[in-house]
Amino acid sequence: MVSNLDHNTAPIFFAFPSQIIQLFAQNSTTSSLPNNVLSFSRQQPVPSLDEFFNELSGKNGELLRFKSTFEDEQITVDQICDLTDAEFDQLGINKIGWRKAFRAAAQRYH
């Protein structure tokens, strides 16, 4: 056994921005990591469209009418933030406030 008693050593800590950690989480397999390594992520489990629209309709009931469109187009909640303005237009979501509401509500799952 080698002893470090001869040396003045101190642990080194690194701080990484959450974007780096999310990138790591998306691009690596975590099966070899302890269960608690990435447990501090702020992302919440992705809800079903039913759950998402029920929550959203509590804030703006007008948006509930688009649920069937999202189902028909097979859009999941975690994909909403990636929709372009042109795609929102295709879905009939042509008001800026509606788009902002959808993106803001979906952001925590992205």
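Along the sequence shown, residues are numbered consecutively beginning with 1. This one's a predicted model, so the numbers in the text were calculated from it and none came from an experiment.
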Candidate pair Thr69 and Gln90, rule side chain to side chain contact (heavy atoms under 4.5 Å, CB included), full reasoning: CA-CA 10 Å; Thr69 306; Gln90 276 184 293; over 6 Å; no
What's the verdict on side chain to side chain contact (heavy atoms under 4.5 Å, CB included) for Phe102 and Leu63, showing C-alpha distance, side-chain angles and the deciding distance? CA-CA 9 Å; Phe102 274 110; Leu63 301 178; 3.9 Å; yes
When you look at Leu64 and Leu56, which way does the side chain to side chain contact (heavy atoms under 4.5 Å, CB included) test go after all the steps? CA-CA 8 Å; Leu64 189 56; Leu56 189 63; over 6 Å; no
Kindly indicate, with the supporting measurements, whether the criterion salt bridge (charged side-chain N to carboxylate O under 4.0 Å, His left out) is fulfilled by Arg103 and Glu87. CA-CA 13 Å; Arg103 287 179 176 136; Glu87 290 169 325; over 6 Å; no
Dump the intermediate steps for salt bridge (charged side-chain N to carboxylate O under 4.0 Å, His left out) on Lys100 and Asp85, then the final yes or no. CA-CA 11 Å; Lys100 286 183 177 274; Asp85 286 341; over 6 Å; no
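Electrostatic pairing of Lys67 and Glu62 does not count as a salt bridge here, judged by no charged N lying under 4.0 Å from a carboxylate O. Look at Asp89 and Lys95 and you find no salt bridge, because none of the NZ, NE, NH1 or NH2 atoms lies under 4.0 Å from a carboxylate O.
Within the model, atoms CD1 of Ile75 and CZ of Phe66 stand 11.5 Å from one another, a figure rounded to the nearest 0.5 Å. The distance from the CD1 atom of Ile93 to the CZ atom of Arg99 is 8.0 Å, given to the nearest 0.5 Å.
For the 3.5 Å distance criterion, the side chains of Gln79 and Thr76 qualify, holding a donor opposite an acceptor. Between the side chains of Ser48 and Asp50, no donor-acceptor pair is found at a separation under 3.5 Å.
Minimum interatomic distance between Tyr109 and Pro45 (heavy atoms only, all atoms of both residues): CD2-O, 3.3 Å. Residue Ala106 comes nearest to Cys81 through the heavy atom pair C-SG, 3.6 Å, listed as atom of the first residue, atom of the second, then distance. Listed here is the closest heavy atom pair of Glu71 and Leu49: CG-CD1, 3.7 Å.
With hydrogens and angles disregarded, no donor-acceptor distance shorter than 3.5 Å links the side chain of Arg108 to the backbone of Gln44.
For Trp98 and Phe88, the ring centers are positioned 6.0 Å apart or more. Between Phe70 and Phe53, the distance separating the two ring centers is shorter than 6.0 angstrom.
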